[in-house]
Amino acid sequence: MNALEQMNTARALVAGDKGLLAMDESDPTCNQRFAMLGIPQTEEARRAYRELIVTTPNLSECISGAILYDETIRQQKKDGTPFVKAITDAGIIVGIKVDYGAKDMAGHPGEKITEGLDGLRERLIEYAKMGARFAKWRAVFSVGNGVPSRGCIEANAQTLARYAALCQETGLVPIVEPEVLMDGSHSLQRCCEVTVEVLHTVFNELYTQQVTLEGMILKPNMALPGLSCSLQVGVDEVADATVRCLLRSVPAAIAGIAFLSGGQSAELASARLNAMNAAFEMRLPWALSFSFARAIQQPALEIWRGEEANVSAAQKALYHRARCNRFARLGEYKSTMETS
Ligand code: 13P
């Protein structure tokens, strides 16, 4: 894929009213979510669950791209059709998570550094041959006493930028995901300060590593008070704060922004994305889209519970969430859609 094709792919991923479906949970994360619902933690159960997702009728009305995990990109439907073919035939672009996860960072108690750069060029080439056209790498930042530190922010920002440069060399569109976590008692204001500092550092490193901004997508957190903060805020306040943070720190040149959900309830994630698009869309240089995992999948997973008989109802729930987020992109989502 040349640079122009890459920019076209990046633009297609955030075009119109569609968004991304993250279905790239690593085996341990997927197993953890299965365990909470009593679903067997086996390769076959993970495969069956991913088949449920990729065969959801009409998903491509709302979803432009799906992010897979190494195990999933190699799997097939029960009838032998590779997932990559099923997804591509449905008109959805295939992506792949390529980091090896966030590990304890030496010298920085309570902080994480994402690993996976060694051998990344070869893995990206392999994934591109398998049909992937974009990739994802996630860095995480805890908020607390003295954290995140400059050491953690700079190391993760440089790692994200080196990953993004390697993606573009291989022809894959990088999704750059620096996530400021919701855990903790910090205020909305503190989340904003950390988010702006992280984004400034990330874009500085992207510039230093010569990443083409037009050929990448940013996957940020929304600006939110910590989950245990005593002062929680309304949907409009979240929308205002998030847009303010992004306007202050994200170059206009990037192809688009697609939020992670980060553990927000599915309905709140839709309502907050909707509020941003309803109030600000005309004033923003980039599309504000979604790249949710839990906020699209969780209701469906809770219905499926590993039972074949529940597949169709789970697919309806998955489609419903995708559709709600499609309307949120347009600023036309309403809470009444949840019951109708
Ligand atoms: P959540 O939407 O569940 O936060 O997941 C998004 C994601 O892809 C994390 O890397």
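Everything numeric in this text was worked out from a predicted model, so none of it was measured. Both ligands and their constituent atoms are indexed starting at 1 by order of listing.
Within ligand 1, counting atoms from 1 as listed, the ones closer than 4.0 Å to a heavy atom of F292 are 2 (O).
Of the heavy atoms in A22, only side-chain atoms (C-beta onward) come closer than 4.0 Å to ligand 1.
For Y127 and D70, the side-chain atoms include at least one donor-acceptor pair closer than 3.5 Å. With 3.5 Å as the limit, one finds a donor-acceptor pair spanning the side chains of R150 and T201.
A salt bridge does not link R138 to D99: none of the charged nitrogens lies less than 4.0 Å from a carboxylate oxygen. E126 has no carboxylate O lying under 4.0 Å from a charged side-chain N of K129, or vice versa, which leaves the two without a salt bridge.
When the heavy atoms of A102, A139, G262, S26 are ranked by distance to atom 4 (O) of ligand 1, first place goes to G262.
Scanning the protein for heavy atoms near atom 3 (O) of ligand 1, the closest one is R294 NE, 2.7 Å. The protein atom (non-hydrogen) at minimum distance from atom 2 (O) of ligand 1 is S261 OG, 2.4 Å. For atom 5 (O) of ligand 1, the nearest non-hydrogen atom of the protein is A293 CB, 3.2 Å. Nearest protein heavy-atom contact of atom 9 (C) of ligand 1 is E177 OE2, 3.2 Å.
At least one heavy atom of K136 sits less than 4.0 Å from an atom of ligand 1. Look at K219 and you'll find a heavy atom under 4.0 Å from some atom of ligand 1.
When each of D89, T81, T88 is paired with K85, the side chain to side chain donor-acceptor pair (under 3.5 Å) condition holds for D89 and for no other.
The side-chain tip of R248 does not point at the ring of F203 from less than 6.0 angstrom away and within 45° of straight on.
Between L224 and Q264 the shortest side-chain heavy-atom distance falls below 4.5 Å.
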